[in-house]
Novice: 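Here it is: the structure, laid out below.
Computed over heavy atoms, backbone and side chain alike; hydrogens, waters and symmetry mates excluded. Letters A, B, ... mirror the listed sequences (proteins, then strands); counts begin at 1.
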Protein chains: 2
Amino acid sequence: MELPDAELAVLEALWRDAPQSAEQLTMALAATRAWKLNTVKTLLARMLARGAVRHEKDGRRFLYWPVWERRTFLTQATRQLLDSFFGGKVTPLVAHLSSQRKLSAADRRALRELLDSWEQR
Amino acid sequence: MELPDAELAVLEALWRDAPQSAEQLTMALAATRAWKLNTVKTLLARMLARGAVRHEKDGRRFLYWPVWERRTFLTQATRQLLDSFFGGKVTPLVAHLSSQRKLSAADRRALRELLDSWEQR
DNA sequence: TCTTTATGCCTACACACGTAGTCTAAAGAG
DNA sequence: CTCTTTAGACTACGTGTGTAGGCATAAAGA
């Protein structure tokens with residue numbers, strides 16, 4: 001469950017909207033990645049080989065769906081961050097965020113609410 | 001400020017303990033990466049070229065120090081995770097952690113204390 | 001039915017990375 | 001002073017990745 005950067009960008013576009021054709025994907029990605037249509041097709045072919053996406057024929061072309069799920073990547077990336085930089089513990093991560101002033105008052109309120117809801121369970 | 005995986009492993013070893021010689025690093029990394037001494041030397045040479053580490057002659061050999069700091073990587077990695085998966089907001093990240101049952105009672109208590117200390121400021 | 005166009009498939013290619021061997025020079029041993 | 005060892009420098013090479021061009025084929029238009 002590992003994907004090079006370029007392919008991940010394509011998968012993310014599919015998470016945002018699926019299915020899409022190679023051409024639609026090229027346009028959807030144009031803002032961040034100025035890729036030729038052929039480039040996107042190559043990436044899609046590699047992703048098919050990995051099983052990261054699937055496709056179905058739609059007339060003359062293919063439509064692509066994500067297979068690998070966003071949630072899986074999210075979980076994996078979060079765990080990796082925790083393990084490599086925070087000794088696998090959540091509190092140091094949150095402490096770091098606070099020291100970077102990444103926490104707004106709204107964030108703090110939302111966090112309190114989350115904490116309250118867990119206590120109740 | 002980007003580093004391939006293998007080089008990052010070397011830098012992490014230097015964060016744990018510096019300075020170290022190429023040979024010491026090879027041994028320190030042996031548990032996780034069974035690299036030959038020459039491999040570690042190649043990695044160190046590339047890291048010197050990037051400016052990620054520096055070295056000083058110690059008799060016949062070199063001792064290596066980290067230049068790029070752990071804190072920088074930590075901040076960068078955290079921001080990247082937040083931006084790519086949680087819309088840049090902290091609360092959804094914490095919500096995800098809780099849904100994964102990654103939060104112990106101790107974590108929750110520590111979080112509450114952090115929140116309290118911020119409110120006071 | 002013949003030609004044009006669009007779509008997929010295959011091929012290419014430079015550069016980065018992981019992994020290491022060989023060559024060279026300097027330090028220490030005799 | 002010569003020989004041996006050891007540490008560094010240079011070279012190498014297969015594979016993965018980013019990026020795309022060219023060829024073949026099927027659909028659409030004339």
Side-chain angles (χ1 to χ4, degrees), chain A residues 1-14 18-68 73 76-77 80 84, chain B residues 1-14 18-68 73 76-77 80 84:
Chain A
M1 187 80 32
E2 215 167 306
L3 214 57
D5 231 54
E7 295 176 34
L8 184 57
V10 174
L11 189 55
E12 278 170 343
L14 285 174
Q20 295 188 65
S21 68
E23 197 175 8
Q24 289 175 310
L25 281 167
T26 305
M27 295 182 55
L29 289 164
T32 30
R33 317 267 189 153
W35 284 331
K36 304 282 175 178
L37 178 57
N38 269 345
T39 303
V40 174
K41 282 184 188 170
T42 299
L43 294 174
L44 284 168
R46 290 176 183 169
M47 295 167 81
L48 279 170
R50 292 182 210 271
V53 299
R54 67 187 175 80
H55 64 350
E56 261 172 45
K57 204 157 237 156
D58 171 58
R60 34 161 69 262
R61 66 192 186 163
F62 281 107
L63 292 183
Y64 293 83
W65 278 261
V67 172
W68 292 2
F73 277 78
Q76 187 181 267
Q80 171 147 7
S84 31
Chain B
M1 188 82 27
E2 216 167 306
L3 215 57
D5 232 52
E7 294 176 34
L8 184 56
V10 174
L11 189 55
E12 279 170 344
L14 284 174
Q20 295 188 66
S21 69
E23 197 174 7
Q24 289 175 310
L25 280 167
T26 305
M27 294 182 55
L29 288 163
T32 30
R33 317 267 189 152
W35 284 330
K36 305 281 175 178
L37 178 58
N38 269 343
T39 302
V40 174
K41 283 184 187 170
T42 299
L43 295 174
L44 284 169
R46 289 177 183 167
M47 294 167 80
L48 279 170
R50 292 181 210 273
V53 297
R54 68 187 174 80
H55 64 350
E56 260 174 45
K57 203 156 239 156
D58 171 58
R60 34 162 70 260
R61 65 192 185 165
F62 281 107
L63 291 183
Y64 293 83
W65 278 262
V67 172
W68 291 2
F73 275 78
Q76 184 180 267
Q80 170 146 7
S84 32

Novice: Using the side-chain contact (heavy atoms from CB on, under 4.5 Å) rule, pick out the option among Thr42(A), Leu29(A), Leu25(A) that qualifies with Trp35(A).
Specialist: Leu29(A)
Novice: Check Glu2(A), Glu12(A), Arg50(A) against Glu7(A) for a side-chain contact (heavy atoms from CB on, under 4.5 Å) and give me the one that passes.
Specialist: Arg50(A)
Novice: Do any N or O atoms from the side chain of Gln20(B) and from the backbone of Ala13(B) form a donor-acceptor pair under 3.5 angstrom?
Specialist: yes
Novice: Under 4.0 Å, heavy atoms only, any strand: does Leu43(A) hit a base, just the sugar-phosphate, or nothing?
Specialist: base
Novice: In whole Å, I'd like the distance from the CG atom of Asp5(B) to the C1' atom of dG18(C).
Specialist: 10 Å
Novice: So, OP1 or OP2 of dA20(C): does either fall under 4.0 Å of a side-chain N or O from Thr39(B)?
Specialist: yes
Novice: Would you kindly give the NZ-to-P distance between Lys36(B) and dT22(C), to the nearest whole Å?
Specialist: 12 Å
Novice: Over how many whole Å does the gap from Lys41(A) atom NZ to dT11(C) atom C1' extend?
Specialist: 15 Å
Novice: Let me know the distance between CD of Glu56(B) and C1' of dA7(D), rounded to the nearest Å.
Specialist: 17 Å
Novice: Output the single nucleotide from dT19(C), dA20(D), dG18(C) whose closest atom is nearest the side chain of Thr42(A).
Specialist: dA20(D)
Novice: Ignoring the backbone of Arg61(A), work out which of dT17(D), dT19(D), dG8(C) is nearest its side chain.
Specialist: dG8(C)
Novice: Rounded to whole Å, how long is the line connecting atom CZ of Arg33(B) with atom P of dA20(C)?
Specialist: 12 Å
Novice: What's the verdict on side chain to side chain contact (heavy atoms under 4.5 Å, CB included) for Tyr64(B) and Val10(B), showing C-alpha distance, side-chain angles and the deciding distance?
Specialist: CA-CA 10 Å; Tyr64(B) 293 83; Val10(B) 174; over 6 Å; no
Novice: Applying side chain to side chain contact (heavy atoms under 4.5 Å, CB included) to Glu56(B) and Trp65(B), what does each step give before you reach the verdict?
Specialist: CA-CA 8 Å; Glu56(B) 260 174 45; Trp65(B) 278 262; 3.6 Å; yes
Novice: In whole Å, I'd like the distance from the CG atom of Leu37(B) to the P atom of dT5(D).
Specialist: 18 Å
Novice: Whole angstroms only, please: what is the CG-P distance between Leu48(A) and dC10(C)?
Specialist: 12 Å
Novice: Tell me what Ser21(B) touches on the nucleic acid: a base, only sugar-phosphate, or nothing, going by heavy atoms under 4.0 Å.
Specialist: nothing
Novice: Please pick, from dA7(D), dG8(C), dT17(D), the nucleotide with the shortest atom-to-atom distance to any side-chain atom of Glu23(B).
Specialist: dA7(D)
Novice: For the base of dG16(D), is there a side-chain donor-acceptor partner from Arg46(A) under 3.5 Å away?
Specialist: no
Novice: Judged by each residue's nearest nucleotide on DNA chain D, which is more toward the 5′ side, Arg60(A) or Arg50(A)?
Specialist: Arg50(A)
Novice: Expressed as a whole number of angstroms, how long is the span from His55(B):NE2 to dA7(D):P?
Specialist: 15 Å
Novice: Decide yes or no, distance alone: a donor-acceptor N/O pair under 3.5 angstrom between the base of dT22(C) and the side-chain of Asn38(B).
Specialist: yes
Novice: Nearest heavy atom decides the nucleotide; on that basis, is Leu3(A) or Ala45(B) closer to the 5' end of DNA chain D?
Specialist: Ala45(B)
